[in-house]
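Take a look at the structure below.
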Amino acid sequence: MKRTRWAAASAAALALASMLTACSSGQADTAAGSGDSKPKSGKIKIAYLQKQGDQQYFVDEGAGAKAKATELGDVEVSMFDLGTDSDKAINALDQVIAQKFDAIAIVVPDQLIGPQVIDKAKQAGIPLIASDDVIKDAAGAEAPFAGFDGTAMGEKVGTEAGTLFKQSGWSAADTRIISAYKQDLSVCQDRVNAADKAFAAAAGAEVKVIKLGTDNSAVDAQNKTGALVTANAGVKHWIVYGCNDENVSGVVTALANARFGATDVIGVGLGAYLACKDWQAGTASGFKSALFIDGREVGASAVQALVKKVRDGVDLPAKTVANTAIVNKDTWQSAGVKCS
């Protein structure tokens with residue numbers, strides 16, 4: 001009887017040990033893969049990877065991230081400029097993982113690399129937040145996000161452009177809208193599609209929209225506008241909006257070079273960091289308004305969320321959406337736009 005009890009107890013102990021070993025292996029891997037590591041004390045190192053890091057918006061975003069790191073204390077933010085190169089983005093991601101950064105914020109050059117980016121961070125057990133551009137894993141689930149509501153932004157831009165058109169007294173027949181944006185980027189699609197609808201509602205007229213595909217830079221927008229103007233020789237008035245200030249700035253500059261005066265152009269930017277340069281100089285410009293988006297706020301929000309995750313174990317919020325506001329030559333300074 002005693003032998004039987006002892007054998008049963010031994011078997012139970014072995015089974016329990018086996019279960020604990022299996023749980024330790026499986027659950028630890030899962031936790032590490034999802035970035036759910038134990039809270040950390042001491043210095044926190046955050047890698048902030050950005051596409052087109054030389055654009056003013058992203059410069060501001062980096063400044064906001066670093067300022068928040070200083071405010072929180074014992075946090076170091078390293079910026080990485082990816083340009084528009086997806087291979088460079090993956091290599092940089094491998095680099096920061098190898099260097100054992102504690103957390104990652106990334107603005108991808110191409111949303112198609114989202115599944116690869118998310119999987120690499122998950123496998124390394126490093127918390128990751130998508131900044132500005134939404135990315136999804138292979139199953140279609142979005143990564144935690146810090147940025148702006150693209151649809152709401154587009155609605156504000158379109159409403160402003162429609163209102164200004166209505167006030168202008170222009171005829172829809174000899175007016176065209178140039179909507180300039182990177183056409184394979186979902187956040188740009190959200191912005192301009194919403195702008196088109198909001199413009200029609202605010203303008204109370206049907207104005208033909210011409211879609212202009214760009215790489216989201218001012219130079220590309222300017223270069224591609226020339227042929228568009230030539231192909232629309234009968235147009236007297238232009239309305240311009242797009243995915244960012246760079247697009248609108250490039251188009252407005254090209255229209256000025258084509259001898260369209262500031263009174264014949266209504267440009268509504270998205271960013272205000274380029275629009276404000278014309279306003280600051282006091283020169284007549286087709287840049288009439290812009291939606292002020294503060295990159296500093298996004299950078300700060302991303303860093304704060306990542307620090308809470310690493311330091312306190314607080315789950316990353318699914319979405320952190322920053323505020324926006326329409327500004328013009330009379331209101332940009334009081335709104336807090338920093339014009340360099």
Side-chain angles (χ1 to χ4, degrees), residues 51-52 55-58 61 107 111 130-135 142 145-167 172 175-218 220-221 225 238-252 265-276 286-295 297-298 319-328 331-332 335 337:
K51 69 177 182 183
Q52 297 174 299
Q55 285 191 0
Q56 188 59 49
Y57 170 83
F58 292 116
E61 184 175 72
V107 190
Q111 290 171 303
S131 177
D132 300 292
D133 295 344
V134 173
I135 56 175
E142 293 184 2
F145 172 80
F148 298 95
D149 182 330
T151 299
M153 293 164 70
E155 288 173 349
K156 288 183 179 180
V157 168
T159 298
E160 174 71 2
T163 300
L164 292 175
F165 167 77
K166 197 170 186 177
Q167 293 171 351
T175 302
R176 295 291 184 270
I177 297 170
I178 299 177
S179 176
Y181 63 105
K182 192 172 189 297
Q183 296 180 338
D184 60 353
L185 190 58
S186 68
V187 291
C188 288
Q189 295 165 9
D190 292 342
R191 294 172 189 179
V192 298
N193 290 339
D196 292 343
K197 293 177 182 177
F199 176 89
E206 291 187 14
V207 179
K208 183 177 179 180
V209 179
I210 302 172
K211 303 286 188 179
L212 180 66
T214 74
D215 64 4
N216 273 354
S217 72
D220 195 45
T225 300
W238 296 94
I239 296 159
V240 186
Y241 51 71
C243 189
N244 57 16
D245 252 26
E246 281 78 10
N247 278 292
V248 178
S249 177
V251 174
V252 167
V265 179
I266 294 174
V268 180
L270 201 157
Y273 46 84
L274 294 182
C276 67
F287 241 136
K288 298 300 190 293
S289 304
L291 185 68
F292 175 34
I293 58 173
D294 193 347
E297 184 179 348
V298 174
K319 283 192 175 181
T320 303
V321 178
N323 295 320
T324 63
I326 290 288
V327 296
N328 57 34
T331 61
W332 66 274
V337 179

Notebook entry, point to check: Are D196 and Y241 close enough that a side-chain donor and a side-chain acceptor fall under 3.5 Å?
Noted result: yes
Next item on the list: Assess whether side-chain contact (heavy atoms from CB on, under 4.5 Å) is satisfied between Y57 and N244, documenting all intermediate values.
Entry: CA-CA 9 Å; Y57 170 83; N244 57 16; over 6 Å; no
Margin query: Tell me which one of V157, V268, I178, V240 satisfies side chain to side chain contact (heavy atoms under 4.5 Å, CB included) with V248.
Written below: V240
Measure the spacing between [atom1] of [X] and [atom2] of [Y] and express it to the nearest 0.5 Å.
X: F292; Y: T324; atom1: CZ; atom2: OG1; result: 10.0 Å
X: K208; Y: I177; atom1: NZ; atom2: CD1; result: 11.5 Å
X: N193; Y: S186; atom1: CG; atom2: OG; result: 11.0 Å
X: K166; Y: L164; atom1: NZ; atom2: CG; result: 12.5 Å
X: Y181; Y: L212; atom1: OH; atom2: CG; result: 9.5 Å
X: R191; Y: D149; atom1: CZ; atom2: CG; result: 10.0 Å

Taking [X] for its side chain and [Y] for its backbone only, find out whether a donor-acceptor pair lies under 3.5 Å.
X: K319; Y: G147; answer: no
X: T225; Y: A221; answer: yes
X: N247; Y: G242; answer: no
X: E160; Y: S289; answer: no
X: D245; Y: L274; answer: yes
X: N216; Y: C243; answer: no
X: E155; Y: A195; answer: no
X: Q111; Y: V134; answer: yes
X: K156; Y: L291; answer: no

Using every non-hydrogen atom in the two residues, find where [X] and [Y] come nearest and quote the distance to one decimal.
X: V337; Y: A272; result: CG1-O, 3.9 Å
X: A205; Y: F165; result: CB-CE2, 4.0 Å
X: Q189; Y: Q183; result: NE2-O, 2.8 Å
X: Q52; Y: F58; result: O-CD1, 3.2 Å
X: E206; Y: A172; result: O-CB, 3.5 Å
X: V252; Y: G267; result: CG2-CA, 4.5 Å

Notebook entry, point to check: With the threshold set at 4.0 Å, does a side-chain nitrogen-carboxylate oxygen contact exist between D133 and K51?
Noted result: yes
Next item on the list: Apply the test side-chain contact (heavy atoms from CB on, under 4.5 Å) to residues L270 and I293: give CA-CA distance (whole Å), side-chain angles for both, the deciding distance (0.1 Å), then the verdict.
Entry: CA-CA 7 Å; L270 201 157; I293 58 173; 3.6 Å; yes
Next item on the list: Report the C-alpha distance between F199 and I239 in whole Å, list the side-chain angles of each, state the deciding distance to 0.1 Å, and finish with yes or no for side-chain contact (heavy atoms from CB on, under 4.5 Å).
Entry: CA-CA 10 Å; F199 176 89; I239 296 159; 3.6 Å; yes
Next item on the list: Dump the intermediate steps for side-chain contact (heavy atoms from CB on, under 4.5 Å) on D190 and F148, then the final yes or no.
Entry: CA-CA 11 Å; D190 292 342; F148 298 95; over 6 Å; no
Check: Name the one of T214, D215, D220 that satisfies side-chain hydrogen bond (donor to acceptor under 3.5 Å, both in side chains) with S217?
Finding: D215
